[in-house]
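So the structure is just underneath, and the comments pick up after that.
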Amino acid sequence: MAKKFYITTPIYYPSASPHLGHAYCTTMCDVIARGKRMRGFETFFLTGTDEHGEKIQKNAAAKGITPQQFVDEVVVRFKDLWKAMYISNDDFIRTTDKRHVDTVQKIFSTMLEKGDIYLSSYSGWYCVHEESYWTETQVGPEHICPECGRPVELKDEPAYFYHCGQHVDALLDYYDKNPSFITPESRKNEMVNTFIKPGLSDLCVSRTSFDWGIQVVEDPKHVVYVWLDALTNYITALGYLQEDDSRFQNFWQDPECEIVHVIGADITRFHTIYWPMFLESLGLRKPNRVFVHGLLMMKDGKMSKSKGNTISAYPLIERYGVDAVRYYMVSEVPFGSDGVFTPEQFVMRINQDLANNVGNLLNRTVSMIQKYFDGTIPEDHGDLCEIDAELRSLCDKTVVAYETLNDDLRVTEAYEKVMDLVSRANKYIEESAPWALAKDPEKKAQLESVMCHLAHVLYVAGMLLKPIFVTKSDKIFDQLGVPAELRCYEKVREFGLLGGLKVCKGDQLFPRLDAEAEIKAIAEMMAAPKEKAAA
Ligand code: MSP
């Protein structure tokens, strides 16, 4: 039976258009999901939007439209971007979907009945932008939101609370028994030391000060406060407590299914403390992993609309192609660490890794096979010398490392291994000097062996890069003349499959960029929103 894998992105706030930071997180999840699917895992990949809350209500009011109209407009922009980025999500959950609303109401009722939720009143410093209450210490004497730096306001209102106390021991026990639950581990220590050890406050789960939310059936002047609404998307999207709950049974309820939530650091507390507690209340299993990725930033800090330092993915995709943008994200920001977007690095990645390394290997290999063998890839003769053997063994080792690293979500490292293999093959060309072998008829077998090895490396690299290269892997296969039945992952370990195929030279896979001109062009894309705002 196929192994199962369920991966989610955070559901994004559709308060403004998506920027490269949102695209980063979704692309990383897509690369992981495509990789698992390709390797035969039964995979479900979810993304969506988190549409309720005071901020959306205010944004809509400012535009003179209803919150529903507002989110309907912005959600289209998210969906369009995912199409342009070739995101292969299996579903898109909106928290305004009826399936979600109905289920959240049932979940709230269950928790209320069990006594996990109780009515009280809340008074605290509230940041509208972050939709969070903060303590006196956190806002300091200036009464500033510790997260976004905006002024906070003192609020008092009747509210329902989620009672955390009874679940703390089970939570700590879960952390102990599942050391990779929170990755990187530093995040776990932060959760334990900053939030759990000092004593966890109960979580406010309803609001009465605005009405753009899911109504509490038992007390209709309350709407469900945003984190109970938001986090449960991961199960409502699968059909939890709905008529057709087959996906929920198939993925969430199967203990063998690996469940991974990928999130940004800002929402770690909600995913690693409250979410497991909510699941405990509902008698459901917890996810295997919450992977906290880093931020893609600009030179002057975090991308944000208000700073006007965001960059859209569209002009990059239009100019350099979707594969290059996806590759940039995976390679430039080590998954789990922060990264800074700069035009210089973007151009450097395309030129060094894609044009000079992968593109060049393909170009040289196909040209040589045409020149020396009339375009037919030679059969495998085994390894005729030490460097042949070394290259063949590196192909095998790369596949093994690629799988292990990907399974451990060390995604950037996994793809680095593939690039290392390609670099090694370029070096192998220099070492084996096919142009010299071609001059000596006695070295024909050796020349054949070199071409066979090179074609195989390209085949392996094309296959392993497929989760990133949503269009270019097929271009690699086209140039190698690989038929459809060989374009499947199961064959990646079989050496010498390409003997007898006819290569077919195509366009340059990634044309080399004029660095100076392109750096300038990207800098203009980055400047555009600021100028618009100024105008
Ligand atoms: N709606 C909540 C999440 C609820 S999940 C149950 C939320 N939304 S958000 O729109 O603010 O987006 C959050 C996620 O977007 C972050 O956790 C992160 O994964 C991603 N990113 C937003 N800006 C980003 C960067 N600049 N860089 C990388 N990822 C970024 O919080």
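Each ligand, and each atom within it, is numbered from 1 in the order the structure gives. Reckoned from all heavy atoms, side chains included, excluding hydrogens, waters and symmetry mates. If you're wondering where the values come from, they're calculated on a predicted model, not measured in any experiment.
The aromatic ring centres of Tyr402 and Tyr415 sit less than 6.0 Å apart. Between His222 and Tyr160, the distance from one ring center to the other falls under 6.0 angstrom.
With respect to Glu344 and Arg349, no salt bridge is recorded, no charged nitrogen being found less than 4.0 Å from a carboxylate O.
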Would you mind listing each N/O atom of ligand 1 next to any protein N/O under 3.5 Å, plus the distance?
| residue | atom | partner | partner atom | Å |
| --- | --- | --- | --- | --- |
| ligand 1 | 1 (N) | Ile11 | O | 2.8 |
| ligand 1 | 1 (N) | Asp50 | OD2 | 2.7 |
| ligand 1 | 10 (O) | Tyr13 | N | 2.9 |
| ligand 1 | 17 (O) | Gly264 | N | 2.9 |
| ligand 1 | 17 (O) | Asp266 | OD1 | 3.4 |
| ligand 1 | 19 (O) | Gly264 | N | 3.2 |
| ligand 1 | 19 (O) | His293 | NE2 | 2.7 |
| ligand 1 | 26 (N) | Leu296 | O | 2.9 |
| ligand 1 | 27 (N) | Leu296 | N | 2.8 |
| ligand 1 | 29 (N) | Gly21 | O | 3.2 |

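In this structure a side-chain-to-backbone donor-acceptor pair under 3.5 Å is present from His100 to Asp229.
In this structure, the side chains of Asp30 and Met85 stay at 4.5 Å or more apart for every pair of heavy atoms.
Legend: residues meeting salt bridge (charged side-chain N to carboxylate O under 4.0 Å, His left out) with Lys106, ordered by chain and number and at least two apart, are absent.
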